[in-house]
Every structure is written in structure tokens, then in C-alpha cells.
Amino acid sequence: EPEVTQTPSHQVTQMGQEVILRCVPISNHLYFYWYRQILGQKVEFLVSFYNNEISEKSEIFDDQFSVERPDGSNFTLKIRSTKLEDSAMYFCASRDYNEQFFGPGTRLTVL
Amino acid sequence: AQTVTQSQPEMSVQEAETVTLSCTYDTSESDYYLFWYKQPPSRQMILVIRQEAYKQQNATENRFSVNFQKAAKSFSLKISDSQLGDAAMYFCAYRRDYGSSNTGKLIFGQGTTLQVKP
């Protein structure tokens, strides 16, 4: 069964460093998403992506964040200069018409 | 703006018993979808059940069923014959129906941690 994959599973970085989180969506899906979950809190929408451009972004998704689909298969989330409060679980999702399928998540720890 | 509220931070149930998790939501839309996701300790998000707002019949998936009350904007999840593997955090989620301006993003509640006692 096709699935969304994410790498790495855990990323530790120093405050102020850039990180890139990678996702491989399900191959025939056209819509892609990033969500964030701070430990013990709810899952929050960050950004949606369709047709090689951002279709919607939340207030959390400020200028420090960017997304890209560089090669037609990967979907990346970049955080330019990480802050302590960026520590969270980051989920990628892709969707067919009916539902979104989530990846296993990347745990980002900012020290 | 749409909101989703889960008022039960934690629930517990005895193995083989039935438990109901509550969810309410607020929206001015008439067409939308509601979901329950399970998040076990691995933190993977797993879809449990989906309900289309235009359907009056409550969705059922094996031991999982919902009580969808559209007028009351209530969407509870019933787990029958609870098993140890059901222990997880459960999130209620909402999305608008797809349209030219709707990207299909999910709006989640705060989650309910379910403990299953042997």
C-alpha cells in the first residue's frame, strides 16, 4: 500500500541553524501539506501546496519557513533560522480526493 | 473561522467495555467533513473514521462508530469492545468541502488521551 514517508525521523539542531525536513508524498497525489504538533498539544496546519505553489498558509508559517517540491517527488519544509519554539513534531500529508494521508513525522529538537 | 473542541483531555475505559469521546465544532458552512484520527505513542496519525456532513447516517468502521448531530455541531466517537491497542490520543478534525478557494486543510481539536485498563 502506498504511503507517505518522511526523513529524518529525528533532527537535532542548534538554535539559529537551518533545517530541511523531507517528505515523499504518495505518487499520484497532487495536494501536499505540512502540519506541526508541539509536544502534548494539538496538530496545527502550517501550509498547503498545489501546482508548485503555496495555496494557503497559516499565521505560524512566517518568513522563516519555506516549502519546495524540487524534483517532482520530494516535498520539503525549510526553516531558515530555527528557534527554541520550533521544537515540535512535523507531519507531512498528501491527499487524494477524499482524505489526507499522513507521514510518520519528523521530531525536530532545537537546542 | 472554524474551530474544533474536545473537552475531555483524558478518558479511561476497562478492556472490553465501551467508551465515548466527545467533540464539538463551530462552522457556518453547510458542506464539510469530520474525522477522527488516532495517534498512538509512535505519533503516527491514523485515520479512524470519516463522516460527510450531508449524510444523515452515522459512519461505522468495525468497533468504531460516530454519533453525528449536525444541528448541535457534535461529533462523538464510540469505541466498542475496547482493546489494549486502542490506547492512544484521539483527535477530532474538520475540513470544509473542496471548492475553488478551499485547500482541504484539516483543523484539529486538542485531543483526548484514552487509557485502556486490562
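Lettering of chains follows the sequences in order, A, B, ..., and the numbering in each one begins at 1. No experiment lies behind these values; they were computed from the predicted model shown.
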May I ask you to check whether over 12 heavy atoms, not counting those of [X], lie within 6.0 Å of atom [atom1]?
{"X": "A:Asn28", "atom1": "CG", "answer": "yes"}
{"X": "A:Asp62", "atom1": "CG", "answer": "yes"}
{"X": "A:Glu3", "atom1": "CD", "answer": "no"}
{"X": "B:Lys70", "atom1": "NZ", "answer": "yes"}

Can you tell me which portion of [X] sits under 4.5 Å from chain B's heavy atoms? Options are side chain, backbone, both or neither.
{"X": "A:Ser55", "value": "both"}
{"X": "A:Tyr35", "value": "side chain"}
{"X": "A:Leu39", "value": "both"}
{"X": "A:Tyr50", "value": "neither"}

Exercise for the section: Name all residues meeting the salt bridge (Lys or Arg N to Asp or Glu O under 4.0 Å) criterion together with B:Glu52; count only those two or more places apart in sequence or in a different chain, and write none if there are none. Expected result: B:Arg50, B:Lys55
What distance separates [X] [atom1] from [Y] [atom2], expressed to the nearest 0.5 Å?
{"X": "A:Lys42", "Y": "B:Ile107", "atom1": "NZ", "atom2": "CD1", "answer": "8.5 Å"}
{"X": "B:Tyr37", "Y": "A:Glu99", "atom1": "OH", "atom2": "CD", "answer": "6.5 Å"}
{"X": "A:Arg95", "Y": "B:Lys105", "atom1": "CZ", "atom2": "NZ", "answer": "13.5 Å"}
{"X": "B:Gln39", "Y": "A:Phe102", "atom1": "CD", "atom2": "CZ", "answer": "9.5 Å"}

Problem - Pairs of heavy atoms under 4.5 Å with chain A: top-ranked of B:Met89, B:Met45, B:Gln6 - result: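 Going by pairs under 4.5 Å, I would pick B:Met45.
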Handout entry: Top contributor to chain A interface from B:Thr113, B:Leu106, B:Leu47 [non-hydrogen pairs under 4.5 Å]
Key =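 So the answer, after comparing B:Thr113, B:Leu106, B:Leu47, is B:Leu106.
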Problem - Modelled atom types, side-chain donor and acceptor of B:Arg43 and A:Gln37, under 3.5 Å - result: yes
Shared hydrophobic cluster, [X] / [Y] (ILVMFWY, side-chain heavy atoms < 4.5 Å):
{"X": "B:Phe108", "Y": "A:Met89", "value": "yes"}
{"X": "A:Leu21", "Y": "A:Leu111", "value": "no"}
{"X": "A:Val47", "Y": "A:Tyr90", "value": "yes"}

